[in-house]
Amino acid sequence: MTDQIAFDRRQFLQTSTALAAATAGLGLFDAAPANAQAPAPRRGGTFTFAISAETPHYDAHGSDTFATLHFAAPFYSTLLQFDLADYPKVKADLAREWTVADDLMTYTFRLVTNATFHDGTPVTSADVKATYDRLRAPPTGVVSTRQATFADIDVIETPDAHTVVFKMKAPNPAMIEHFASPWNFIYSAAVLARDPNAPRTTVMGSGPFRFGEHVRGSHVTGTRNDRYFREGRPYLDGFRGVFMTQPAAMMNALQGGQVLAEFRGISPAERDRLVQVMGERVRIEESSWTLNLLIVFNTEKKPFDDVRVRRALHMAIDRRAGAQGLARTATLRDAGGLIRPGSPFAIKDEDLLRMPGFGRDIAAARAEARRLLREAGVPNLTFVLHNRNLAQPYTPAGIFVVDQWRQIGVNVEHRQSETSPYLAGMSSGNFDVAVDFSNLFMDEPSLSLAKYVSFNRAPENRSRAIDAELDRLYAAQGRERDFQRRYDLIRQFERRALDQAYQVPLLWWHRIVPTHRTVMGWQMSPSHNLGQSLGDVWLNV
């Protein structure tokens, strides 16, 4: 690498690593001496864990809900993966080694030679090419929520069966981290050739577990893949993911040992209850979270096509008071902008105060909101808030914003749905205003901001807005290697996004994960999307 590029890569990793260290999981009641020798992994057993929502389909390329990853990640491999022992650095998965050209325009990956899909066919460079072609330029009828992320890929070459070369249209300093995304399941080229949409309904990967069964409303199971390419893995005979949408049932199952973990996260009150009842039988780990809730306005519906209406509803929310109150009962904690608070490219708090919707004078903000609604001709606005029926944190968040809007004379019906119809409604544009989410796995701005680019480039932008200026700024910040210049471009993007208010951040989350002490080998991170393949998990029983 040249000195300039090398500096930029070091700066990205060092600042991200510093953040990871500052927000690393906190093991409560974990009093083992620091020099105690960890027990050797044991083989065998079936690991049962809770999944608090059921996936609407199996295709990670077209999904942005944890329910898909927690369901399907054990069945698949990716090109690279994040090293959770040294987050956010990356390590090998299907790629055993890789090189990056000095100008960041060519990435060459050499694959392991012993990987096979669960049908016995070998994993080759053709499968990697077919996967990334589908991610960056999905065929008609296929949805890729990573389309904007991989738009900079120009050509994918396969000089031999175990070498794949990505040539870029423009440099992207964080491309290696994007290649480590947990959403980039490697699919069989042969399967995609027969049916490009097959991964929505069929599971066929090369991961540590083979698909067992999926009983809707009940469970998903997997059994050990004895031909897995990582020697000695997985340790488990199998796993059982139990769908538990009711928090009380999940808590009772955790206490009784019917499930041994809930990897998405629980509330502070639920944490305290588990610790009180279970004592040292439970392990609690905490971290800030690369996840936030958004309020999204359907810009194709009146009056939400009017920026004055969107801005009024945005300004009426007292996020700072909400953060203080909801942090006691929900998995919501921090008010912040489009980038996770405290991360390298996040807006400084003093600058956030000057952004619309984040000032301290809520009375003045609400007076301005009422004025904007009168000016837009909707002083007595009424609409339906579309929301997910998950108790954490969607229900309390929805109740909170409905009350906030009531204080400027807006009447809102709070309507909650199961995950599948909730996502289908937003994807089809069948909603007025919705509680949405930005589901991230790292603090790289090209990932964080992708949800805000134009709908025709990013299907995950559920506001359905088209904004050429946001698209221009997104491309510019992603190609800028100087930290300060990139920071300034991100602020310009953030200012426009908040001014136009197509969708606006509500609050950032805080992650609390309970596992039984018998669960070993799983690693905490600031993202519930990572570490879900279960290949390293074993049971100390």
Side-chain angles (χ1 to χ4, degrees), residues 43-49 51 54-63 67-81 92-96 109 111-135 142 158 161-162 164 180-216 218-241 521 529 531-538:
R43 291 180 66 86
T46 298
F47 172 47
T48 303
F49 63 98
I51 306 176
E54 189 160 2
T55 183
H57 56 78
Y58 304 159
D59 184 8
H61 295 185
S63 177
T68 303
L69 274 182
H70 289 200
F71 175 101
F75 307 124
Y76 288 95
S77 305
T78 51
L79 195 57
L80 301 173
Q81 59 185 312
D93 197 18
L94 281 172
R96 57 185 170 86
F109 297 91
L111 308 181
V112 298
T113 58
N114 60 333
T116 60
F117 288 107
H118 296 159
D119 66 354
T121 58
V123 178
T124 71
S125 56
D127 303 303
V128 176
K129 181 182 188 307
T131 291
Y132 278 89
D133 280 340
R134 187 176 188 266
L135 283 163
V142 172
T158 54
H162 295 101
V164 59
S181 166
W183 301 94
N184 302 344
F185 292 175
I186 300 299
Y187 293 143
S188 163
V191 169
L192 294 180
R194 291 193 296 269
D195 179 3
N197 253 324
R200 288 182 63 86
T201 56
T202 303
V203 176
M204 212 281 284
S206 58
F209 294 90
R210 300 170 63 91
F211 180 67
E213 66 175 2
H214 174 203
V215 178
R216 290 202 171 273
S218 178
H219 63 270
V220 58
T221 64
T223 59
R224 177 192 288 130
N225 175 15
D226 290 325
R227 300 181 64 179
Y228 187 46
F229 59 88
R230 290 180 62 204
E231 186 176 358
R233 304 295 198 281
Y235 298 114
L236 298 167
D237 291 334
F239 74 87
R240 184 182 183 90
N529 300 317
Q532 296 308 133
S533 73
L534 308 182
D536 294 324
V537 172
W538 59 280

Indicate the atoms forming the closest heavy-atom contact of [X] with [Y], along with that distance.
| X | Y | answer |
| --- | --- | --- |
| A67 | E54 | CB-C, 3.9 Å |
| P74 | P208 | O-CD, 3.2 Å |
| H70 | I51 | O-CD1, 3.9 Å |
| V112 | H162 | O-CD2, 3.4 Å |
| L69 | P182 | CD2-O, 3.5 Å |
| T124 | D127 | N-OD2, 2.8 Å |

Query raised in the report: Does Q81 use its side chain to pair, donor to acceptor, with the backbone of A92 at less than 3.5 Å?
Result: yes
If you measure from [atom1] on [X] to [atom2] on [Y], what distance do you get to the nearest 0.5 Å?
| X | Y | atom1 | atom2 | answer |
| --- | --- | --- | --- | --- |
| S181 | H61 | OG | NE2 | 9.0 Å |
| F185 | S77 | CZ | OG | 9.5 Å |
| F109 | L80 | CZ | CG | 5.0 Å |
| L79 | N184 | CG | CG | 8.5 Å |
| L236 | R43 | CG | CZ | 9.5 Å |
| F117 | M204 | CZ | CE | 6.0 Å |

Report summary line: Tested for ring-ring contact (aromatic ring centres under 6.0 Å, His included) against F239, the lone hit among W538, F211, F47, F75 is F75
Query raised in the report: Mind checking whether Y76 and Y187 have parallel, tilted or perpendicular rings, split at 30° and 60°?
Result: perpendicular
Report summary line: Per side-chain contact (heavy atoms from CB on, under 4.5 Å), I186 is matched among D93, L111, L94 by L94
Report task. Could you point out which residue of V203, T221, L534, T223 forms a side-chain contact (heavy atoms from CB on, under 4.5 Å) with F209? Result -> L534
Query raised in the report: Does any pair with a residue in residues 231-241 pass side-chain hydrogen bond (donor to acceptor under 3.5 Å, both in side chains), and if so which ones, sequence neighbours excluded?
Result: H219-R240, R224-D237, R233-Y235, R233-D536
Query raised in the report: Is it true that atom CZ of R227 has more than 12 heavy atoms of other residues, nucleotides or ligands lying nearer than 6.0 Å?
Result: no
